[in-house]
Protein chains: 2
Amino acid sequence: MQTTQYIDIETAAGLLKLLGDKTRLSMMKIMSEHECCVCELVDLFEMSQPAISQHVRKLKDSGLIKERRGGQWIYYSLNPDSPFHPFVLHILNELPSQRFKVDELEARGKRVCCD
Amino acid sequence: MQTTQYIDIETAAGLLKLLGDKTRLSMMKIMSEHECCVCELVDLFEMSQPAISQHVRKLKDSGLIKERRGGQWIYYSLNPDSPFHPFVLHILNELPSQRFKVDELEARGKRVCCD
DNA sequence: TGTGTATATAACAATATGCTTATACAATTT
DNA sequence: AAATTGTATAAGCATATTGTTATATACACA
């Protein structure tokens with residue numbers, strides 16, 4: 001199933017490498033389900049804030065996600081304007097929802113910090 | 001668009017990492033178009049035989065491709081029995097045909113060695 | 001203006017990746 | 001059986017990746 005035009009194979013490899021990390025892939029899936037701030041991701045992945053920030057940066061540099069500033073928080077979500085958005089969505093759609101992770105967090109009392 | 005069941009996100013990340021290398025991704029696309037022997041891949045990618053062999057092994061270890069022995073040659077192609085075959089095909093289908101590479105080889109007189 | 005909170009960046013260390021060269025193995029041919 | 005050809009494996013090296021800790025920046029609010 002073909003969404004738009006073909007993607008150059010080298011570009012595709014770059015995108016797949018970017019998604020080929022379980023943290024970033026989960027992030028992307030979660031961001032496809034709702035906008036996230038960094039602190040939420042930190043709690044979700046039980047990973048240091050700089051580590052999260054660096055993953056986010058890679059995704060942002062690729063143009064796959066966009067940021068929106070809201071007060072002192074920065075919210076990230078998929079960037080539908082990316083030429084590769086359809087390609088990526090195609091992949092993300094094959095993956096199970098990660099909402100349960102957010103629910104688990106909630107259950108453990110760690111309320112999502114910034115919404 | 002959802003082909004079969006969902007793929008565990010960690011497994012998916014592993015697959016995407018495997019595909020997230022331009023050599024392997026091209027190989028996979030080419031193998032989706034025709035069975036290949038190693039020597040053909042060596043010519044196609046202008047890369048040393050051990051380098052090619054090592055990429056092939058990674059793909060084979062993952063179960064994404066299968067091998068068939070024919071005399072002294074070993075032919076590789078996508079393994080349709082892999083539980084991840086649909087997932088991978090989904091991705092490969094978004095990529096342009098690499099047949100032109102084979103054609104180029106042919107044009108340069110380097111006939112494909114083993115068919 | 002100063003303090004606290006959210007996020008980013010820098011420097012570094014550990015591990016992973018992908019190539020190279022050298023060598024081994026397997027099938028073919030003489 | 002020896003030589004040739006196709007492929008795989010091993011060891012080593014260079015570079016990339018991903019985390020850590022320390023520090024910087026941006027905004028909010030008292």
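The sequence lines fix the lettering, A, B, ..., with proteins before strands; numbering per chain opens at 1.
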Does some side-chain heavy atom of A/Trp73 sit less than 4.5 Å from a side-chain heavy atom of A/Val38? no
Residue-phosphate contact under 4.0 Å: B/His55 side-chain N/O, C/dT17 OP1/OP2: no
With no hydrogens and no angle check, just 3.5 Å: does a side-chain donor-acceptor pair link A/Glu67 and A/Tyr76? yes
Between A/Pro50 and A/Gly70, just flag the one whose closest nucleotide in DNA chain D comes earlier from the 5' side. A/Pro50
N or O in side chain of B/Tyr76 less than 4.0 angstrom from D/dG6 OP1/OP2: no
Taking atom C1' of C/dG18 as reference, at what distance in whole Å does atom NZ of A/Lys17 sit? 10 Å
Roughly how many Å is it from CG in A/Leu41 to P in D/dT18, rounded to a whole number? 16 Å
Could you check how far CD1 of B/Ile65 sits from C1' of D/dT7, rounded to whole Å? 13 Å
Looking at the side chain of A/Arg24, which of D/dT18, C/dA10, C/dT7 is the nearest nucleotide? D/dT18
With distance as the sole criterion, do the side chain of B/Gln54 and the base of D/dT7 form a donor-acceptor contact below 3.5 Å? no
Spell out, as yes or no, whether a donor-acceptor pair under 3.5 Å connects the side chain of A/Gln72 to the backbone of A/Gly70. no
Using a cut-off of strictly less than 4.0 Å, decide whether B/Arg57 has a side-chain nitrogen or oxygen near OP1 or OP2 of D/dA8. no
Value in whole Å for how far the P atom of C/dA16 lies from CG of B/Leu18: 16 Å
Would you call A/Ser53 and A/His55 a side-chain contact if the rule is heavy atoms closer than 4.5 Å? no
Below 4.0 angstrom from OP1 or OP2 of D/dT20, is there any side-chain N or O of A/Ser48? yes
Whole-Å distance between C/dT20 C1' and B/Ile52 CD1? 14 Å
Does C/dA6 have OP1 or OP2 sitting under 4.0 Å from an N or O in the side chain of A/Tyr75? no
Send over the distance from A/Leu25 CG to D/dT18 P, rounded to a whole Å. 13 Å
In whole Å, I'd like the distance from the CD atom of B/Gln72 to the P atom of C/dT29. 7 Å
Suppose we call a contact any N or O donor and acceptor under 3.5 Å apart; does that hold for the side chain of B/Gln49 and the base of D/dA8? yes
Nearest whole Å is fine: how far is C/dA8 C1' from A/Trp73 CH2? 17 Å
By the 4.0 Å heavy-atom rule, please label B/Lys22 as base, sugar-phosphate, or nothing. nothing
Using a heavy-atom cut-off of under 4.0 Å over every strand shown, decide if B/Lys58 touches base, sugar-phosphate, or nothing. sugar-phosphate
When you measure from the side chain of A/Asn79 to the backbone N and O of A/Leu64, does any donor-acceptor pair fall under 3.5 Å? no
Report the residue (B/Gly71 or A/Ala51) whose heavy-atom-nearest nucleotide on DNA chain C is the more 5′ of the two. A/Ala51
